[in-house]
Chemist: 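Dropping a structure here in structure tokens format, bear with me for questions.
Positions are given from 1, in the same order as the sequence printed here.
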Amino acid sequence: MMTQWYTRAAAKGVVISGQLWQPNSMLRMSTNCNNDNTNNRDDLNSIFKQKRILRTQVRKTLKAIDPSLRSQQDNAIQDIILGAPWFKSSLRLCAYISCSALREVDTFKLLSQILQPPPSGGKKLYVPRVEDKNSNMRMLNVSRIDDLVANSMNILEPDPVDADGNAREDVLQANEPVDILLLPGLAFDKSGRRLGRGGGYYDTFLKNYQDLAETRNWKQPLLVALSYSQQILDDGVIPVTSTDVLVDALVSPEGVIPISSAAFNRFQNGYLSWT
């Protein structure tokens, strides 16, 4: 019942300490922001300010979630993905490595399953490695959980070379496309908007990969974000600029939320439950 209550509340706003938080009027101004005005410096500064305020609010929301409820949602989200036909049929994918300190949806059950040998696993997996402070991030191939090491911020990521001293395959250098990218974020809406943490790493990487796929005439990968119920905001509340990449679908504890036409086509025989 508690999970259902939080989910219903999240469809309309954000829950903070049991109370429903609705974005203030300044945040609601972002509804009318679009790519036509992002070239104006004042408008950009306004959008960045709105994003900072929204990030602060969402972080408070995430901090207030009861650990037992968080664990329930983590398990529900991962179980939904693991049971979904669109996931089972995928051969190659990118996925983030969750960080509990950042209160991201847990992915370790997913990663462990992906890295199992066939028939339960056998997929090719690429995970992120941050290269610098200039929004540069690579997705490198790993074959075992043990391939991951803690960086200076205690976030797990792959070493650039494997145990044999060979450079790990970079997904941008791979000869075959990935089917799915599983993405983190601070907040989302059902129009596909995603609020990141402000570093621009995922938006930069996603744009580079989409350009690569277009150049090589590959089918674009499905961008699927994992979201706690409390992270799903009203449509239009999240401000966007021309560099923000929209996601194709969300997975929440309630099920899959298809957004783009590509997602609807992919999920038509899959796991749908949100109307």
Chemist: Do Y202 and L140 share a hydrophobic cluster, counting only Ile, Leu, Val, Met, Phe, Trp and Tyr and linking them when any side-chain heavy atoms are less than 4.5 Å apart?
Modeler: no
Chemist: Please determine if K124 and E176 form a salt bridge, counting it only when a charged side-chain N lies under 4.0 Å from a carboxylate O.
Modeler: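 Between E176 and K124 there is no salt bridge, as every charged N stays at least 4.0 Å from the carboxylate O atoms.
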Chemist: List in chain and number order the residues that pass side chain to side chain contact (heavy atoms under 4.5 Å, CB included) with A187, two or more places apart in sequence or in another chain; answer none if no residue qualifies.
Modeler: V58, L195, L233, I238
Chemist: Identify the two heavy atoms, one from C94 and one from V178, that lie closest to each other, and give their separation to 0.1 Å.
Modeler: SG-CG1, 4.1 Å
Chemist: Run the side-chain hydrogen bond (donor to acceptor under 3.5 Å, both in side chains) check on Q73 and Q230 step by step: do they pass?
Modeler: CA-CA 10 Å; Q73 294 199 45; Q230 295 87 338; 3.1 Å; yes
Chemist: Would you give the length of the straight line joining atom CG of L222 to atom CZ of F87, rounded to the nearest 0.5 angstrom?
Modeler: 13.0 Å
Chemist: Please report the shortest heavy-atom distance between G200 and T204, naming the atom on each side.
Modeler: O-OG1, 2.8 Å
Chemist: Do any N or O atoms from the side chain of D235 and from the backbone of D189 form a donor-acceptor pair under 3.5 angstrom?
Modeler: no
Chemist: Would you call K51 and D244 a salt bridge, using N to O less than 4.0 angstrom?
Modeler: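 Yes.
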Chemist: Working to the nearest 0.5 angstrom, can you tell me the gap between Q113 CD and I81 CD1?
Modeler: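 Rounded to the nearest 0.5 Å, the CD-CD1 separation comes to 12.0 Å.
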Chemist: L186 and L54: side-chain contact (heavy atoms from CB on, under 4.5 Å), yes or no, with the steps?
Modeler: CA-CA 9 Å; L186 269 176; L54 188 54; over 6 Å; no
Chemist: Kindly compute the distance separating NZ (K88) from NZ (K123), expressed to the nearest 0.5 Å.
Modeler: 9.5 Å
Chemist: Can you name the nearest heavy-atom pair linking I77 to S252, along with the distance?
Modeler: CG1-C, 3.7 Å
Chemist: Say you draw a straight line from CD1 of I232 to CZ of F188; how long is it, rounded to the nearest 0.5 Å?
Modeler: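 Answer for the CD1-CZ pair, I232 versus F188, is 8.5 Å.
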Chemist: Walk me through it: do L181 and L93 pass the test side-chain contact (heavy atoms from CB on, under 4.5 Å)?
Modeler: CA-CA 6 Å; L181 284 91; L93 67 157; over 6 Å; no
Chemist: Donor-acceptor pairs under 3.5 Å, side chain of residues 212-220 to any protein atom, not counting sequence neighbours: which ones?
Modeler:
{"residue": "T215", "atom": "OG1", "partner": "D211", "partner atom": "O", "Å": "2.9"}
{"residue": "R216", "atom": "NH1", "partner": "A174", "partner atom": "O", "Å": "2.6"}
{"residue": "Q220", "atom": "NE2", "partner": "Q210", "partner atom": "O", "Å": "3.0"}

Chemist: For N134, which residues count as a side chain to side chain contact (heavy atoms under 4.5 Å, CB included) partner, sequence neighbours excluded?
Modeler: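 With neighbours one apart ignored, the set is D132, N136.
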Chemist: Kindly write out the residues that satisfy side chain to side chain contact (heavy atoms under 4.5 Å, CB included) with S260, not counting sequence neighbours, or none if the list is empty.
Modeler: D248, A262, A263
Chemist: State which residues pass salt bridge (charged side-chain N to carboxylate O under 4.0 Å, His left out) with R144; sequence neighbours excluded, sorted by chain then number.
Modeler: D147
Chemist: Evaluate whether atom CG of N45 has more than 12 neighbouring non-hydrogen atoms of other residues, nucleotides or ligands under 6.0 angstrom away.
Modeler: yes
Chemist: Measuring from I53:CD1 to F48:CZ, what's the distance to the nearest 0.5 Å?
Modeler: 14.0 Å
Chemist: Looking at every heavy atom in both P128 and M137, which two are closest together, and how far apart are they?
Modeler: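 Closest pair (atom of P128, atom of M137, distance): CB-SD, 3.6 Å.
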Chemist: Do you reckon I80 sits in the same ILVMFWY cluster as F108, going by side-chain contacts under 4.5 Å, direct or chained?
Modeler: yes
Chemist: Measure across T107 and L226 and return the closest heavy-atom pair with its distance rounded to 0.1 Å.
Modeler: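 Of all heavy-atom pairs spanning T107 and L226, the closest is CG2-CD2, 3.9 Å.
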Chemist: Cluster question for you: counting only ILVMFWY and a side-chain heavy-atom cut-off of under 4.5 Å, with indirect links fine, are I180 and L246 together?
Modeler: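 No, it is not one cluster - the side chains of I180 and L246 are not joined through contacts under 4.5 Å.
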Chemist: Should K109 and D79 count as an ion pair when the cut-off is N to O under 4.0 Å?
Modeler: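 The answer is yes: the pair qualifies as a salt bridge.
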Chemist: Go through the steps to decide whether Y228 and D74 satisfy the test side-chain hydrogen bond (donor to acceptor under 3.5 Å, both in side chains), and finish with yes or no.
Modeler: CA-CA 8 Å; Y228 293 120; D74 284 333; 2.7 Å; yes
Chemist: Please name the pair of heavy atoms, one in R59 and one in R197, separated by the smallest distance, quoted to 0.1 Å.
Modeler: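 Distance-wise, the nearest heavy atoms are NH2-O, 4.1 Å.
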Chemist: Could you tell me which residues satisfy salt bridge (charged side-chain N to carboxylate O under 4.0 Å, His left out) with R70, sequence neighbours excluded, listed by chain and number?
Modeler: none
Chemist: Measuring from atom CG of L182 to atom CD1 of I97, what distance do you get when rounded to the nearest 0.5 angstrom?
Modeler: 12.0 Å
